[in-house]
Undergrad: 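Dropping the structure in here first, questions after.
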Amino acid sequence: MKVKFSIEYQTHWGENLSIVLSGKKHPMQWSEGGIWSVSADVTAAQLKDYFYVVMCDGLISRMEWKNHSVRFPSGTKTAEVIDKWIECPIPGCPFVREHQAAEFDRPGFRGAGVVIPVFSLRTGDDFGIGEFLDLRHVIDWAASTGLCIIQMLPVTDTTRKGEWKDSYPYSPVSSFALHPLYVNLQRLGVKADASFKKLQKELNALPELDYPRVFKEKMSLIRKAFAQNGAKDMQDASFKKFCKENNSVWLKEYAEFCAERDGDSPDFWRWIQWHLDSQFFEMAEYARSKGVHFKGDLPIGVSADSAEAHWHPELFNLDSITGAPPDFFSADGQCWGFPTYNWDTMAKDEYAWWKARLRHMARYFDAFRIDHILGFFRIWEIPIEIAKGLFGHFNPALSYTEDEIKSMYLPFDGLFHPDPRSEGSWQPLITPDTSSLEWWQKERFDALYNDFFYHRNDGFWRRNAMRKLPELLSASGMLACGEDLGMVPDCVNGVMSELGILSLEMKMMDKGHPWEALSVCATSSHDSETLRMQYAMANNGEDMPCDKVKECLDEHLSSVSMLAVFPLQDYLAMDGDLRRKDFMNERINYPADSNHHWRYRVHFDLSDLKDAEGLNGNIRQMLDGSRRKMNN
């Protein structure tokens, strides 16, 4: 269908308009009266979901509040649409785009939530690891206490050989596929006979997740269920609909990638993903019906041995790996092992892969955490042959030429290393050796060092982020929250504030300024010690009293932060009966250890939470007092 789109919009000098159809921008032409128009060949589906953007100097400078939708009678061949720019109708709303959870847009909204990895859930229906259906107990508990957010770690597939390294949730083999171990076996048709119940009881009784054993046993039963029920299931209309909607985006490539890796049928992987989607979406819709919203986690990296890298190597720099410079979590820096992104190639189709990834997440999540949002400004890139965080460099960066360094009468050895992305340029080492410098050389180098890491690149990195983030945020209605910890350039806060991305605030990683309303405050994270561990470290191993825990949570809840989201461990620490006795073992991850085993599980059946009146009463009272209780 050929459609002419027109809209009146008064632009400033240097601005122009584009219409965005299926994620692709179509530049519009100006005419007298501030009328912008363009004709395009479109499908009926594209007419259900399109919007306009203001462009300036090649970047999106303004977006509409929400998308347009129009319909024409079947068989229409040409048509004209005259639109009006959609402004935010909510006075005082701090966001630039409408969210799919309407309460997030309510001025003054302040909510609270809980963080718990899916693998850490525990109920009697499990098979040694948490499952999507376990979330029902957490949803009911959250709704009954007034919590409105359930935040998870990544739930995407990390399957390789079923070894401990597969337990690392930030190393996906697909950015779309859900992890097979989170499926409920009984829903697949696995019979809970005597042998099943015996093994189930044994695995569920383990204090921690035994990932290799659970993987072996559970995947064996999943494959048997496919052999018994797969052929029949694949005739189901909902299975065919799932494949039709997802094959061209990710499912076909993922299924063929896994089948080639494991020597089996692609149908097996389509079948298990169908079941996983059904179970997880069921929980997401149940949560929404209770006024509770899932918050997902968007890993910054995708593995070199992933389906995406296999089918689309052009999207990645496979000669390098990502990491982080020395920070609070690791004095020697971190090496995450993922290839960096080839952003220039991704820009050619207007970041279609990223947009598809976010649209897929929005099926389950109403909010999401952008892992290491600094990576959208610049990434700490490490040559693959070195693989040590201390020897990384920023990509991209305004590096120094050889002449610039020589003009400052500074030596190269011990202070600089070549920038592999910019021939003939140099970057200062993150841990330079200045011991042999004259006093004036040291002062000069210190000034250069601080300028490079915190000021020189600021405008450059801001533009780099603004090329990507508005494009990505336009793809879904999820509330965006950025993990902005570490060596944070000055430009980051301004970009996040302009785009309505919530920052992360933790007392243990003070940023040197008061917390802002558009933020998520947390007592701890999956990468750090829980409250009781923090207290013990500061008090010669002494356990934190319950009232001290409550006092700390109250302080966070009383803050200006829009969201206050705490690990389940920190909520449980308020209750002397429910808190875990061996609290030094309830940390989820040690980021300095690349071989860490992700195995933490809640130490009791989550169905018991509904009867924990002491804890639940405390939470209700705290949320009510801080005006964070759901529907306050």
Undergrad: Mark yes or no: Arg579 above the aromatic ring of Phe583, with NZ or CZ under 6.0 Å from the six-membered ring centre and no more than 45 degrees from the axis.
TA: no
Undergrad: Within a reach of under 6.0 Å around NZ of Lys165, are more than 12 heavy atoms found that belong to other residues, nucleotides or ligands?
TA: no
Undergrad: Considering only heavy atoms from C-beta outward, does the side chain of Phe176 approach that of Glu308 to under 4.5 Å?
TA: yes
Undergrad: So how far is it from Asp570 CG to Leu531 CG, rounded to the nearest 0.5 Å?
TA: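 Separation between the atoms: 3.5 Å.
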Undergrad: Kindly state each residue pair satisfying salt bridge (charged side-chain N to carboxylate O under 4.0 Å, His left out) with at least one member in residues 171-184, sequence neighbours excluded.
TA: none
Undergrad: Checking the side chain of Asp126 only, and the main-chain atoms of Thr123 only, is there a donor and an acceptor separated by less than 3.5 Å?
TA: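 It does hold such a pair.
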Undergrad: Rounded to the nearest 0.5 Å, how far does CD of Glu285 lie from CZ of Arg363?
TA: 8.0 Å
Undergrad: Taking ring pair (Phe, Tyr, Trp, His ring centres under 6.0 Å) as the criterion, tell me which of Tyr168, Tyr600, Tyr170 meets it with His526.
TA: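 Exactly one option meets the ring pair (Phe, Tyr, Trp, His ring centres under 6.0 Å) with His526, and it is Tyr170.
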Undergrad: Is the centre of the His179 ring less than 6.0 Å from the centre of the Phe119 ring?
TA: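 Between Phe119 and His179, which both carry aromatic rings, the centre distance is not below 6.0 Å.
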Undergrad: When Glu131 is tested against each of Arg601, Arg136, Lys218 for salt bridge (Lys or Arg N to Asp or Glu O under 4.0 Å), which residue passes?
TA: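 For Glu131, the salt bridge (Lys or Arg N to Asp or Glu O under 4.0 Å) test succeeds with only one of Arg601, Arg136, Lys218, which is Lys218.
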Undergrad: Heavy atoms, side chains only, cut-off 4.5 Å: are Leu298 and Asp371 in contact?
TA: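 Contact flag for Leu298/Asp371 side chains = no.
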Undergrad: Quick one: do Arg620 and Glu613 make a salt bridge, cutoff under 4.0 Å?
TA: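 The answer is yes: the pair qualifies as a salt bridge.
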Undergrad: Evaluate side chain to side chain contact (heavy atoms under 4.5 Å, CB included) for Arg187 paired with His275, printing each intermediate quantity in order.
TA: CA-CA 8 Å; Arg187 285 278 192 97; His275 275 291; 5.6 Å; no
Undergrad: Taking salt bridge (charged side-chain N to carboxylate O under 4.0 Å, His left out) as the test, write out the residues that go with Glu163, two or more places apart.
TA: none
Undergrad: How would you list, by chain and number, every residue that makes a salt bridge (charged side-chain N to carboxylate O under 4.0 Å, His left out) with Asp605, sequence neighbours excluded?
TA: none
Undergrad: Can Tyr182 and Ile129 be said to form a side chain to side chain contact (heavy atoms under 4.5 Å, CB included), step by step?
TA: CA-CA 7 Å; Tyr182 297 153; Ile129 189 172; 4.0 Å; yes
Undergrad: After noting the C-alpha distance and the side-chain angles of Trp461 and Val495, does the key distance pass the side chain to side chain contact (heavy atoms under 4.5 Å, CB included) rule?
TA: CA-CA 10 Å; Trp461 285 339; Val495 168; over 6 Å; no
Undergrad: What are the two closest non-hydrogen atoms of Val302 and Tyr341, and how far apart are they?
TA: CG2-OH, 3.5 Å
Undergrad: Are the side chain of His603 and the backbone N or O of Leu578 linked by a donor-acceptor pair below 3.5 Å?
TA: yes
Undergrad: Got a second to check how far Leu606's CG is from Leu568's CG, nearest 0.5 Å?
TA: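 Answer for the CG-CG pair, Leu606 versus Leu568, is 7.0 Å.
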Undergrad: Please report the interatomic distance OG(Ser626) to CG(Leu553), rounded to the nearest 0.5 Å.
TA: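 Reported to 0.5 Å precision, the distance equals 10.5 Å.
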Undergrad: Closest heavy-atom contact between Leu609 and Asn616?
TA: O-ND2, 2.9 Å
Undergrad: Could you report the tightest heavy-atom contact between Lys295 and Ile149, atom names first, then the distance?
TA: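 Heavy atoms of Lys295 and Ile149 come nearest at CB-CG2, 3.9 Å.
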Undergrad: Would you say Glu586 and Thr530 are linked by a side-chain donor-acceptor pair, where the criterion is simply a distance under 3.5 Å?
TA: yes
Undergrad: Report yes or no: does Arg110 contribute a side-chain atom to a donor-acceptor pair with the main-chain N or O of Leu557 at less than 3.5 Å?
TA: yes
Undergrad: Any side-chain heavy atom of Asp484 sitting closer than 4.5 Å to one from Ser503?
TA: yes
Undergrad: Could you check whether any side-chain N or O of Asp277 sits under 3.5 Å from a backbone N or O of Gln273, counting only pairs where one atom can act as donor and the other as acceptor?
TA: no
Undergrad: Check whether any side-chain heavy atom of Val292 sits under 4.5 Å from a side-chain heavy atom of Tyr286, and report yes or no.
TA: no
Undergrad: Here's a test for you: under side-chain contact (heavy atoms from CB on, under 4.5 Å), which of Leu135, Leu121, Val115, Asp297 qualifies with Met152?
TA: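 Testing each of Leu135, Leu121, Val115, Asp297 against Met152, the sole residue satisfying side-chain contact (heavy atoms from CB on, under 4.5 Å) is Leu135.
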Undergrad: Check whether any side-chain heavy atom of Trp141 sits under 4.5 Å from a side-chain heavy atom of Lys610, and report yes or no.
TA: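 No. Closest side-chain heavy atoms not under 4.5 Å.
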Undergrad: Describe, in one word, how the ring planes of Trp380 and Phe394 are oriented to each other, choosing from parallel (under 30°), tilted (30 to 60°) and perpendicular (over 60°).
TA: perpendicular
Undergrad: When you measure from the side chain of Glu217 to the backbone of Leu199, do you find a donor-acceptor pair of N or O atoms at a distance under 3.5 Å?
TA: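 No: the side chain of Glu217 does not pair with the backbone of Leu199.
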Undergrad: Report yes or no: does Asp157 contribute a side-chain atom to a donor-acceptor pair with the main-chain N or O of Val173 at less than 3.5 Å?
TA: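 Not a single qualifying donor-acceptor pair exists.
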Undergrad: Roughly how far, to the nearest 0.5 Å, is the SG atom of Cys148 from the NZ atom of Lys290?
TA: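 Nearest 0.5 Å value for the NZ-SG distance: 15.5 Å.
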Undergrad: Check whether any side-chain heavy atom of Ser528 sits under 4.5 Å from a side-chain heavy atom of Met506, and report yes or no.
TA: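 Yes; the side chains approach each other to less than 4.5 Å.
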Undergrad: With Glu516, which residues qualify under salt bridge (charged side-chain N to carboxylate O under 4.0 Å, His left out), at least two apart?
TA: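 Here no residue qualifies.
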Undergrad: Can we say Asp624 and Lys629 salt-bridge, meaning some charged N sits less than 4.0 Å from an Asp/Glu carboxylate O?
TA: no
Undergrad: Quick test of your reading of the model: are Glu542 and Lys548 salt-bridged, counting only N-O distances below 4.0 Å?
TA: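 No, no charged N to carboxylate O under 4.0 Å.
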Undergrad: Pairing donors with acceptors under 3.5 angstrom, does anything connect the side chains of Arg160 and Ser303?
TA: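 Note: Arg160 and Ser303 side chains meet the donor-acceptor criterion.
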Undergrad: Measuring from Tyr571:OH to Leu147:CG, what's the distance to the nearest 0.5 Å?
TA: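 It is 4.5 Å, given to the nearest 0.5 Å.
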Undergrad: Please report the closest heavy-atom contact between Arg122 and Pro207, naming both atoms and the distance.
TA: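 That would be NH2-O, 3.2 Å.
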Undergrad: Using the side chain to side chain contact (heavy atoms under 4.5 Å, CB included) rule, take Lys511 and Leu485 through it: C-alpha gap first, then chi angles, then the decisive distance, then the call.
TA: CA-CA 8 Å; Lys511 298 174 184 174; Leu485 304 177; 3.9 Å; yes
Undergrad: Using a 3.5 Å distance criterion without hydrogens, assess whether the side chain of Asp490 forms a donor-acceptor pair with backbone atoms of His455.
TA: no
Undergrad: So do the side chains of Tyr535 and Pro545 get within less than 4.5 Å of each other, counting heavy atoms only?
TA: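 Yes, at least one pair of side-chain atoms sits under 4.5 Å.
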Undergrad: Before accepting this row, confirm whether a basic side-chain N of the pair Arg288/Asp366 lies closer than 4.0 Å to the acidic partner's carboxylate O.
TA: yes
Undergrad: Do any N or O atoms from the side chain of Arg369 and from the backbone of Gly482 form a donor-acceptor pair under 3.5 angstrom?
TA: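 It does not hold such a pair.
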Undergrad: Donor-acceptor check, side chain of Thr158 to backbone of Ser167, threshold 3.5 angstrom: yes or no?
TA: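 Looks like no, no N/O pair under 3.5 Å.
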Undergrad: Which atom names give the shortest non-hydrogen contact between Arg462 and Gly494, and what distance separates them?
TA: NH1-C, 4.4 Å
Undergrad: How about Glu555 and Cys521: do any of their side-chain heavy atoms sit closer than 4.5 Å?
TA: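 Of all side-chain heavy-atom pairs linking Cys521 with Glu555, none is under 4.5 Å.
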Undergrad: Can you see which heavy atom on Arg532 is nearest to which on Lys581, and at what distance?
TA: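 Minimum heavy-atom separation between Arg532 and Lys581: NH2-O, 4.2 Å.
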Undergrad: Quick one: salt bridge (charged side-chain N to carboxylate O under 4.0 Å, His left out) partners of Glu381, sequence neighbours excluded?
TA: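 Salt bridge (charged side-chain N to carboxylate O under 4.0 Å, His left out) list for Glu381, sorted by chain: Arg421.
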Undergrad: Got a sec, which residues hit side-chain hydrogen bond (donor to acceptor under 3.5 Å, both in side chains) with Trp598, two or more places apart in sequence or on another chain?
TA: none
Undergrad: Please answer whether the main-chain N or O of Glu208 pairs with a side-chain N or O of Arg599 as donor and acceptor at a distance below 3.5 Å.
TA: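 Between the backbone of Glu208 and the side chain of Arg599 there is no qualifying donor-acceptor contact (under 3.5 Å).
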Undergrad: Run the ring-centre check on Tyr364 versus Phe294 and record whether the distance is less than 6.0 Å.
TA: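 Distance test on ring centres: not under 6.0 Å, no.
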